[in-house]
Structure formats: C-alpha cells, structure tokens
Amino acid sequence: MTEDARNRRLPLTAQTAYSDLLARLQEDAVLELGGTPVLRQRGNRKYWYSVQRLAGRAVERYLGPDTAEIRERVERARQANEDARERQRQRGRLARMCRAGGLPAADAQTGKVLLALSKAGVFRLRGVLVGTHAFRCYPALLGVEIPEARAVTEDIDIAAFRSVSVALDDRLDPSLGEALNRIGPFVARPGLHREPTAWRDAGSGALVELLTPNEGPDRDEPLELPALGAHALPLRFLDYLIRDPAQAAILYRSGVLANVPDPARYAVHKLIVATRRTASAPAKARKDIEQSAALIRVLAEDRPDELEDAYAEARARGPAWREAVDRGARRLGADAKAALAGAVGR
C-alpha cells in the first residue's frame with residue numbers, strides 16, 4: 001500500500017464507535033428474540049436457538065452455530081438488563097459518531113429494505129448481503145477509508161446456502177414478500193421460470209434478489225430456500241464467496257446487523273466474476289476490478305495471510321478457477337498487482 005493509502009486510516013473514534021455499535025447489535029439480536037437460549041443437537045453439529053412459549057406452544061428461533069463467539073454473545077445477552085429503548089438510543093448515538101467519522105451510510109431506501117429484511121430474520125437465518133452494498137461495509141471492518149465504497153447502487157443481493165436453509169428448521173416471520181410490502185409496493189419480477197427470485201419496488205425501482213450457490217451441475221432454474229420461504233437464482237463460484245461470512249453494522253438509523261462476505265474472499269471473487277461478464281457489461285467488469293484492487297491494496301498491507309489463504313483456496317479448486325483468478329489478476333493496475341504478488345509470494 002502506498003504512503004497515501006496508509007494515511008487514510010479512519011479516525012480512532014470512528015473505529016471505536018463502530019466496534020461498540022457492532023457489539024451492541026449482536027447482543028440485541030439475541031435480546032430482541034426474547035425467550036431462553038437453548039443449545040440443540042442437529043446431526044453432528046450443535047446450534048443455539050431462542051425458545052419462547054407463544055399461545056401454548058414452544059417457538060424456536062435460530063441464533064447461530066455453537067461457537068465460542070456465539071456462546072459469549074448469549075451469555076452477554078443473558079446478563080444485559082438495560083431498557084430496550086435506551087439501548088436503541090445508545091446505538092443511534094454510536095451510528096451518528098460512525099457517520100461523522102466518515103464511514104459510508106446506507107441511503108434511506110436501502111436502509112429501509114435491509115432493516116425490514118433483518119427484522120424478518122433474513123440475516124439471522126444465514127442470509128449474506130453480497131455485491132456493492134456489502135463492499136460499502138469494508139471500510140468500517142478494515143478501519144481504512146476506501147473511496148470506491150462511496151459508489152451508490154440500487155440492487156440488493158442476498159445469498160444463502162440451500163443446504164443450510166434446509167437444515168435450520170426455522171423460517172422468516174413475516175414472509176419475505178410481506179416484509180418487503182410493508183415498506184413499499186414490491187412486485188415479483190417475472191423471469192424465465194415460474195418461481196420469482198427477485199422483487200422490484202414499483203416506486204423507487206430498488207431491486208431485491210435472492211441468490212444461492214450452484215453446487216452441482218450447471219443449472220438455471222431457481223432453487224428453494226426453505227428458511228427464507230422463497231426461491232433463489234443459482235450461481236457458480238458463489239459458495240466460495242459466502243463461506244465463513246463476517247458480521248457488519250449497516251449505518252442506517254440505530255444500525256442494522258447483517259452478514260457480509262469475508263473481505264479477502266470478496267476481493268478474490270471479484271477477480272473471477274470480472275472475467276465472466278458479457279461483452280455488453282464492460283462497466284460492471286471495471287467495477288469488479290476496481291473493488292478487488294481497493295481491497296487487495298488494504299489487505300496486502302494489513303491482512304496478507306488472509307489474502308494469501310483466500311487466493312490459494314480459489315486457485316486450488318481446479319483449472320477453471322485458476323484460469324479465472326489469473327485472468328482477473330492480470331486486469332489489475334500496477335499497484336494492486338504488485339500488492340497481490342507481495343502477499344501471495346508470486
């Protein structure tokens with residue numbers, strides 16, 4: 001990274017405020033469900049659920065896999081006894097500090113949609129925000145100003161593994177369509193198949209699309225995601241992107257907790273998709289490379305091991321993956337290309 005890039009560190013006050021906001025959102029995600037946290041065995045794995053009795057029956061809501069981080073979060077939530085409204089006000093103050101510190105905030109329409117999806121349970125049920133809206137979260141997660149993250153986009157893409165969606169034994173409440181229509185006249189977008197995978201706001205034009213990894217033979221018919229109660233468009237290479245996601249705070253109102261791809265995986269994935277754009281979409285291919293380059297410059301300086309691991313994993317997946325990664329890397333500018341070479345030893 002150049003000296004100029006090193007000087008673009010976010011103010012420590014903004015980084016601290018963001019860290020506090022994210023921690024509070026994670027705690028409140030458990031508190032808002034109510035009920036009692038319970039550990040359940042599902043096959044060979046364990047998962048945390050919040051169990052609450054409603055109308056004479058037990059309702060379980062998925063919290064997350066049994067990891068040290070989730071256990072600590074559950075314990076903090078158990079101990080927390082602050083008034084919910086006061087906690088929301090505190091989150092609002094932290095969100096304002098983040099925005100004042102230069103962190104990208106969601107526009108009103110995007111924020112409303114992501115808040116509605118979050119309240120319905122999309123991110124709790126392992127949905128991952130991908131695309132430019134996810135990219136806009138990386139300055140806060142990495143503590144560095146990234147000018148390319150100021151780009152504005154209307155489309156909101158959510159991805160999820162079908163296998164995970166089947167195994168969770170939980171569903172959105174309200175449904176995806178109902179959650180969207182509470183904030184605007186969203187209409188299912190017609191496609192080649194009977195089941196819609198995207199919904200467009202007739203007023204603002206905002207598009208929400210569901211995606212899922214194409215983990216078998218190439219196919220284009222939508223796949224059902226039972227936990228989200230909808231179908232998703234299968235895409236190649238997506239399983240690599242959304243594996244082991246990070247949690248981020250979307251800066252809208254008092255914050256929205258969302259899952260986003262690991263930054264290093266995002267950087268490498270963009271190298272791949274840039275090579276798969278059609279000749280009619282050169283602007284999108286350029287944006288892919290610009291976003292990848294912006295992250296590579298930061299990661300090569302601050303997290304070279306993570307970048308090296310993500311790069312090596314993608315190239316180890318087979319000849320088609322290696323060719324796509326290498327073709328994308330050749331499109332990088334000189335500075336990003338040198339940063340990548342220094343991090344991965346090439």
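The figures here come from the full heavy-atom set of this structure, side chains too, leaving out hydrogens, waters and symmetry mates.
To the nearest 0.5 Å, the span separating CG on Leu251 from CG on Leu21 amounts to 6.5 Å. Summarising the geometry, atom CG belonging to Leu103 is positioned 11.0 Å from atom CE belonging to Met97; distances are rounded to the nearest 0.5 Å. Annotation: the span from Arg136 atom CZ to Leu129 atom CG amounts to 11.0 Å, rounded to 0.5 Å. Here the NZ-CD1 distance, from Lys119 to Ile183, works out to 10.5 Å after rounding to the nearest 0.5 Å. The structure places OG1 of Thr212 at 8.0 Å from CZ of Phe161, a figure rounded to the nearest 0.5 Å. If you take CD on Glu209 and CG on Asp157, they are separated by 5.5 Å, rounding to the nearest 0.5 Å.
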### Task
Take Tyr47 and Leu63, measure what side-chain contact (heavy atoms from CB on, under 4.5 Å) needs, and give me the verdict at the end.
CA-CA 7 Å; Tyr47 301 92; Leu63 294 178; over 6 Å; no

#### Entry: side-chain contact (heavy atoms from CB on, under 4.5 Å) between Leu257 and Gln26, worked out
CA-CA 7 Å; Leu257 184 65; Gln26 290 169 334; 4.0 Å; yes

### Message
Evaluate Val298 against Leu295 for side-chain contact (heavy atoms from CB on, under 4.5 Å), listing each step before the verdict.
### Response
CA-CA 5 Å; Val298 175; Leu295 288 176; 5.6 Å; no

### Task
Check the pair Asn214 / Asp239 against side-chain contact (heavy atoms from CB on, under 4.5 Å), numbers first and verdict last.
CA-CA 8 Å; Asn214 190 344; Asp239 62 313; over 6 Å; no

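No salt bridge links Asp288 with Arg331; every basic N to acidic carboxylate O contact stays at or beyond 4.0 Å. With respect to the salt-bridge test (charged N to carboxylate O, under 4.0 angstrom), the residues Arg297 and Glu301 do not qualify. Using a cutoff of 4.0 Å between basic side-chain nitrogens and carboxylate oxygens, Asp302 and Arg9 are scored as salt-bridged. The pair Glu75-Arg71 does not count as a salt bridge, with every side-chain nitrogen at least 4.0 angstrom from each carboxylate oxygen. A salt bridge is defined here as a Lys NZ or Arg NE, NH1 or NH2 lying under 4.0 Å from an Asp or Glu carboxylate O, and Asp262 with Arg243 fails to meet this definition. A salt bridge is defined here as a Lys NZ or Arg NE, NH1 or NH2 lying under 4.0 Å from an Asp or Glu carboxylate O, and Glu86 with Arg24 fails to meet this definition. The pair Asp201-Lys112 does not count as a salt bridge, with every side-chain nitrogen at least 4.0 angstrom from each carboxylate oxygen.
When only modelled atom types and interatomic distance are considered, Gln291 and Tyr138 share no side-chain donor-acceptor pair under 3.5 Å.
Counting all heavy atoms, side chain and backbone alike, Thr275 lies closest to Ala324 at CG2-O, 3.6 Å.
Using a 4.5 Å heavy-atom threshold, the side chains of Leu299 and Leu142 count as touching.
By the 30° and 60° cut-offs, the orientation of the rings of Tyr266 relative to Phe135 is parallel.
In the hydrophobic clustering of ILVMFWY residues, with side-chain heavy atoms under 4.5 Å counting as a link, Val187 and Leu210 come out apart. In terms of hydrophobic clustering, with Ile, Leu, Val, Met, Phe, Trp and Tyr side chains grouped at heavy-atom distances under 4.5 Å, Val164 and Tyr240 are assigned to a common cluster. A chain of hydrophobic side-chain contacts below 4.5 Å, direct or via other Ile, Leu, Val, Met, Phe, Trp or Tyr residues, connects Ile242 to Leu141. Under the 4.5 Å side-chain heavy-atom criterion for Ile, Leu, Val, Met, Phe, Trp and Tyr, Trp199 and Leu207 are members of distinct hydrophobic clusters. Leu271 and Val273 are assigned to two separate hydrophobic clusters, defined by single-linkage of ILVMFWY side chains at heavy-atom distances under 4.5 Å.
A distance-only check finds a donor-acceptor pair linking the side chain of Arg200 to the backbone of Gly205 [under 3.5 Å].
For Arg253, the CZ atom counts as loosely surrounded, since its 6.0 Å shell holds 12 or fewer non-hydrogen atoms of other residues, nucleotides or ligands.
When each of Leu25, Val256, Ile250 is paired with Ser118, the side-chain contact (heavy atoms from CB on, under 4.5 Å) condition holds for Val256 and for no other.
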